[in-house]
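Below is one structure, written out as structure tokens; comments come after it.
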Amino acid sequence: MQVFRPLLFISRVQRFCLRSQSVLFTANKFNKMSTQNRPRVFISRRIPEKGYALIASECEIISWNFDDPPPRNEYLSTVKGINGLFCLLTDKIDVELLNEAGPSLQVVSTMSVGYDHIDVMECNKRNILLGYTPGILTNATAELTMALLLATSRRLKEGIRAVQTGEWGTWKPMWLCGPGLDGATVGIVGLGRIGFAIAKCLKPFGVAKIVYSGRSEKEEAKEINAEYKSFDELLKISDFVIACCALTSETKELFNRDAFKKMKPSAVFINSSRGGIVNQDDLYKALESGEIGAAGLDVTSPEPLPVDSPLLKLDNCIVIPHIGSATHSTREAMAVLAARNLLAGLKGLPMPCQLK
Ligand SMILES: O=C(O)C(=O)CO
């Protein structure tokens, strides 16, 4: 596997080297793998090796081999004339980028189940095939959601801090108590794959009732004894509200002042979907005023959440950095599936997971 850097990229990389020493040490990872007459593919980040190797076996690769994204202007100039794009959920695939890529672009494959970063209509208009990675990150995301729910309701942030600061005195009957899942009503907003997997994880904790809301009732909800409710009713009766819906124009800031007002004052709100479904100012006010009990967020808007965000100052809010799918095997499987989608699309074959 021959790796070289064309002059065009060396000059760009040199500009980065001036700005950041850590980039200097890794700058040679911004590379181009050339083989003649193969489809040209841009991989916009450092990805698990198995996914990269699959693409490398059939394509000419230009890759941005860093964990952080390329600056937008670099991204735009690099996609010119490519046939395939391997992107991440943080990459905005919009009209501007598609115009820069030009008519050669046949396939966009995202290493994510979410696709709110892609202008799907515009890709459809241009006959650009879209691949995504549903299914394989379901269990990892459900597992992390459970971890976040437990950490939030059982006040682990305050507990860990108390140990570290010496605030932990003697065992106190009334100290650091929180709501338990045993006997609770849990509301799942969006009973898709991930919502369903979370419901299954909840069962052994002795929850009394699982309710869900969404566009329509789901046949498979019977399997987990989950009851369909209107969104408002779910908010009213749930001790825990778990947001599992995709970000769409309908769900944008669905969790706002009105929604938080309808929840119980003791309610624990968990979001492992997308930050955009929450109005964060309203969430802060609801948490700060005691309108709801606590919140656990794996996703925020923007990401990363600025360190001066008032949410981070609250004891009753735990924020973690969008790590729902972050297990070794899941991330590898996502990269491999995204690579397979890309290769199939480039060959005009059915993709394992095409977004229609
Ligand atoms: O795949 C996605 O959409 C994610 O959010 C990864 O955790």
Side-chain angles (χ1 to χ4, degrees), residues 43-48 50-52 67-69 85-94 107-120 123 129-149 151 188-198 201 214 242-255 269-278 280 295-305 318-342 345 351-356:
I43 304 179
S44 73
R45 221 63 50 81
R46 192 167 79 90
I47 61 168
K50 263 197 183 169
Y52 187 95
D67 292 330
D68 288 321
L85 172 61
F86 184 114
C87 67
L88 303 191
L89 59 92
T90 44
D91 306 354
K92 204 166 171 45
I93 311 302
D94 56 5
V107 185
V108 172
S109 177
T110 182
M111 187 181 141
S112 62
V113 62
Y115 48 85
D116 46 283
H117 55 298
I118 301 176
D119 188 335
V120 175
C123 289
L129 302 173
L130 294 175
Y132 71 141
T133 62
I136 47 181
L137 48 82
T138 301
N139 289 343
T141 308
E143 181 179 277
L144 192 279
T145 306
M146 287 303 298
L148 184 58
L149 186 152
I188 298 179
V189 179
L191 194 70
R193 290 181 206 87
I194 294 172
F196 193 80
I198 293 168
C201 291
I242 309 178
C244 296
C245 49
L247 172 62
T248 64
S249 51
E250 284 163 40
T251 61
K252 192 167 186 321
E253 301 198 356
L254 178 67
F255 293 92
F269 171 68
I270 302 295
N271 184 13
S272 55
S273 166
R274 285 290 183 268
I277 65 174
V278 176
Q280 270 172 201
L297 312 174
D298 181 40
V299 287
T300 59
S301 180
E303 290 180 4
L305 187 67
I318 292 189
V319 183
I320 51 174
H322 201 151
I323 50 173
S325 61
T327 69
H328 297 299
S329 57
T330 301
R331 288 288 166 80
E332 184 176 277
M334 288 167 75
V336 167
L337 179 53
R340 292 208 168 114
N341 284 337
L342 184 78
M351 286 183 185
C353 288
Q354 185 173 349
L355 186 59
K356 300 240 168 92

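Numbering of ligands and ligand atoms starts at 1, following listing order. What's counted below: heavy atoms across the whole structure, side chains too, no hydrogens, waters or symmetry copies.
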Query raised in the report: Among all protein non-hydrogen atoms, which one is nearest to atom 6 (C) of ligand 1, and what is the separation to 0.1 Å?
Result: Ser325 OG, 3.3 Å
**Report entry** Donor-acceptor contact present, side-chain Asn341 to main-chain Ser109, <3.5 Å
**Finding:** no
**Report entry** Val113 and ligand 1 - part of the residue with a heavy-atom distance under 4.0 Å
**Finding:** both
Report task. Could you tell me whether Arg331 and ligand 1 have an N or O pair separated by under 3.5 Å? Result -> no
Query raised in the report: Would you call Arg45 and Asp67 a salt bridge, using N to O less than 4.0 angstrom?
Result: no
Query - Heteroatom proximity flag, Leu137 to ligand 1, N/O under 3.5 Å - result: no
Requested in this report: For ligand 1, find out whether one of its N or O atoms is nearer than 3.5 Å to an N or O atom of Thr133.
Outcome: no
Query raised in the report: Are the side chain of Thr251 and the backbone of Ala246 linked by a donor-acceptor contact shorter than 3.5 Å?
Result: yes
Report summary line: When Ile242, Leu144, Ile198 are each screened for side-chain contact (heavy atoms from CB on, under 4.5 Å) with Leu149, the one that passes is Ile242
Query raised in the report: What heavy-atom pair brings Leu130 and Met351 nearest, and what distance separates the two atoms?
Result: O-SD, 3.5 Å
Query raised in the report: Going by the atom numbers of ligand 1, which of them fall below 4.0 Å from some non-hydrogen atom of His322?
Result: 4 (C), 5 (O), 6 (C), 7 (O)
Report task. Number the atoms of ligand 1 from 1 as they appear, then name those within less than 4.0 Å of a heavy atom of Ser112, with their elements. Result -> 1 (O), 2 (C), 3 (O)
**Report entry** Side-chain donor or acceptor of Thr330 paired with backbone N/O of Ala326 under 3.5 Å
**Finding:** no
Query raised in the report: Side chains of Thr110 and His117: do they bring a donor and an acceptor to under 3.5 Å?
Result: yes
Query raised in the report: Among all protein non-hydrogen atoms, which one is nearest to atom 4 (C) of ligand 1, and what is the separation to 0.1 Å?
Result: Leu89 CD2, 3.4 Å
Report summary line: ligand 1 atoms nearer than 4.0 angstrom to some heavy atom of Met334 are 1 (O)
